Amino acid sequence: MYSKEELSEGLATRVVGNKIFAFETIDSTNACARTLGDVDTSEGAVVVADFQTNGRGRLGRTWISEPESNLLFSVLLRPMVKVELAGLLTLYASAAVARAIEKCISEPVECKWPNDLLLHKRKFCGILLENSFQQSGLGYAIVGVGINVNQRALPPDIAGKATSLARETGKEYDRKTIFQAVLTELDVLYESARKGDFDLIVADWTKRCQMFGKSVTVQQHDHMIEGTALRLNHDGGLVISTTAGTQTVYAGDVTLVS
Ligand code: BTN
């Protein structure tokens, strides 16, 4: 377990990580960061934990992570982003984490819509964005990041699709180094994301995504959409050409049809 002092030592960010709250065990770093967001008006705080008893994933799923092996943290932000563009913050976080991990492991990282990062086609990182909307617009955004770093064994139900940095590269990593690298890239890209300027972020994310021009299926809770992934919409939705016309989707599990 790293202390907040260790995790901040040498960190030279302006906003992201200006306060760090470190826990050995917590229910969910996202839930804790939301509580902070409700009572505090600042931004940049990071809640990090070695283990979560109720880690949250996208679409109501749980995020399971071995104790003291991985990175589990959430960042509280208050960007000046129009409500309808708030979903682009997922792409901001994905691009930042991808940049950081590439620097740490010297291998290319793939972005998969909407919130996954892949190494050798397997998911090692998931991002859970939780926005709090107020009458005046976006009150705050919680960027939750789960990175499988050193975990080797995976639950059988996800073993074919999930991975960790250690599994893919055969090396163990210092979690503090990875944590600080990710906070640094989140801080760098936040300069534009904070102002609602996502052009470079979307370009970076798109460059790392391999599904455009390819046949995909999108599984939504009650139905499946099939078509060709065309591009991202201005608000981060995925534009798909289907036999029924062009559709934009905002949620679901995308699979490439090879
Ligand atoms: C997903 O791929 O479904 C998103 C997973 C996000 C998991 C992280 S772990 C840290 C933060 N706290 C949570 O409860 N969830 C996110």
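Note that the coordinates shown come from a computational prediction; the quantities given were computed from them, not determined experimentally. Atoms within each ligand, like the ligands themselves, are counted from 1 in listed order.
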S.K.: May I ask you to list the atoms of ligand 1 that are less than 4.0 angstrom from any heavy atom of Ser74?
M.R.: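 Those qualifying, in numeric order: 11 (C), 12 (N).
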
S.K.: Salt bridge check, Lys19 against Asp40: does any charged N sit closer than 4.0 Å to a carboxylate O?
M.R.: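 Counted as a salt bridge, because a side-chain N and a carboxylate O are separated by less than 4.0 Å.
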
S.K.: So is Gln52 in contact with ligand 1, going by heavy-atom distances below 4.0 Å?
M.R.: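 Judged by the 4.0 Å heavy-atom criterion, Gln52 does count as contacting ligand 1.
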
S.K.: With heavy-atom distances below 4.0 Å as the criterion, list the atoms of ligand 1 near Asn115.
M.R.: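 Going through ligand 1 atom by atom, the ones under 4.0 Å from Asn115 are 1 (C), 2 (O), 4 (C).
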
S.K.: Are Glu6 and Lys176 ion-paired here, with the side-chain N under 4.0 Å from a carboxylate O?
M.R.: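 Looking at Glu6 and Lys176, the cut-off is not met.
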
S.K.: Using a 4.0 Å cutoff against the non-hydrogen atoms of Thr29, which atoms of ligand 1 qualify?
M.R.: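 In order of number, 10 (C), 11 (C), 12 (N).
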
S.K.: Kindly say whether Arg34 contributes a backbone atom to a donor-acceptor pair with the side chain of Tyr140 at under 3.5 angstrom?
M.R.: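 Checking the backbone N and O of Arg34 against the side chain of Tyr140, a donor-acceptor pair under 3.5 Å is found.
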
S.K.: At a 4.0 Å threshold, what atoms of ligand 1 neighbour a non-hydrogen atom of Leu128?
M.R.: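 Counting atoms of ligand 1 from 1, those under 4.0 Å from Leu128 are 6 (C).
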
S.K.: Pick whichever of Lys123, Glu130, Arg34 has a heavy atom sitting closest to atom 2 (O) of ligand 1.
M.R.: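 Checking each option, the heavy atom nearest atom 2 (O) of ligand 1 is found in Lys123.
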
S.K.: Using a 4.0 Å heavy-atom threshold (strictly under), name the region of Val145 that reaches ligand 1: side chain, backbone, both or neither.
M.R.: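 Only the backbone of Val145 comes within reach of ligand 1.
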
S.K.: Please say whether Asn54 places an N or O atom under 3.5 Å from an N or O atom belonging to ligand 1.
M.R.: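 In this structure, Asn54 places no N or O atom under 3.5 Å from an N or O of ligand 1.
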
S.K.: What atoms of ligand 1 come closer than 4.0 angstrom to any heavy atom of Arg58?
M.R.: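 That gives atoms 1 (C), 3 (O), 4 (C) of ligand 1.
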
S.K.: Indicate yes or no: at least one non-hydrogen side-chain atom of Val143 is less than 4.5 angstrom from one of Leu77.
M.R.: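 Val143 reaches Leu77 side chain to side chain.
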
S.K.: With side chains defined as the heavy atoms from C-beta onward, is the minimum distance between Thr248 and Leu238 less than 4.5 Å?
M.R.: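 No - every pair of side-chain heavy atoms lies 4.5 Å or more apart.
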
S.K.: Hey, which atoms in ligand 1 end up nearer than 4.0 Å to a heavy atom of Ile127?
M.R.: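 Answer, ordered by atom number: 4 (C).
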
S.K.: I'd like to know if the side chain of Ser69 reaches the main chain of Ser65, judged simply by a donor and an acceptor atom lying under 3.5 Å from each other, with no hydrogens or angles considered.
M.R.: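 No, the answer is negative, given that no donor and acceptor are paired below the 3.5 Å cut-off.
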
S.K.: Show me the pairs that pass salt bridge (charged side-chain N to carboxylate O under 4.0 Å, His left out) and involve residues 70-94, at least two apart or across chains.
M.R.: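 Non-adjacent pairs meeting salt bridge (charged side-chain N to carboxylate O under 4.0 Å, His left out): zero.
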
S.K.: Mind telling me whether Trp205 and Phe212 have parallel, tilted or perpendicular rings, with 30° and 60° as the class edges?
M.R.: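 Aromatic pair Phe212/Trp205 classed perpendicular.
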
S.K.: Using distance only, find each side-chain donor-acceptor pair of residues 98-107 under 3.5 Å and give its atom names and separation, not counting sequence neighbours.
M.R.:
| from | atom 1 | to | atom 2 | distance (Å) |
| --- | --- | --- | --- | --- |
| Arg99 | NE | Asp204 | OD2 | 2.8 |
| Arg99 | NH2 | Asp204 | OD2 | 3.2 |
| Glu102 | OE1 | Arg208 | NH1 | 3.0 |
| Glu102 | OE2 | Val109 | N | 2.8 |
| Glu102 | OE2 | Arg208 | NH1 | 2.5 |
| Lys103 | NZ | Glu185 | OE2 | 2.6 |
| Glu107 | OE1 | His120 | NE2 | 2.7 |

S.K.: May I ask you to identify the nearest protein heavy atom to atom 5 (C) of ligand 1, giving residue, atom name and distance to one decimal place in Å?
M.R.: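 Scanning the protein heavy atoms, the shortest distance from atom 5 (C) of ligand 1 goes to Trp63 CE3, 3.3 Å.
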
S.K.: Can you sort out which atoms of ligand 1 are near Gly55, meaning under 4.0 Å from one of its heavy atoms?
M.R.: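 This gives 14 (O) as the contact atoms.
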
S.K.: Closer than 4.0 Å to some heavy atom of Arg56 - which atoms of ligand 1 meet that?
M.R.: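 Listed by number with element, the hits are 5 (C), 6 (C), 7 (C), 13 (C), 14 (O), 15 (N), 16 (C).
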
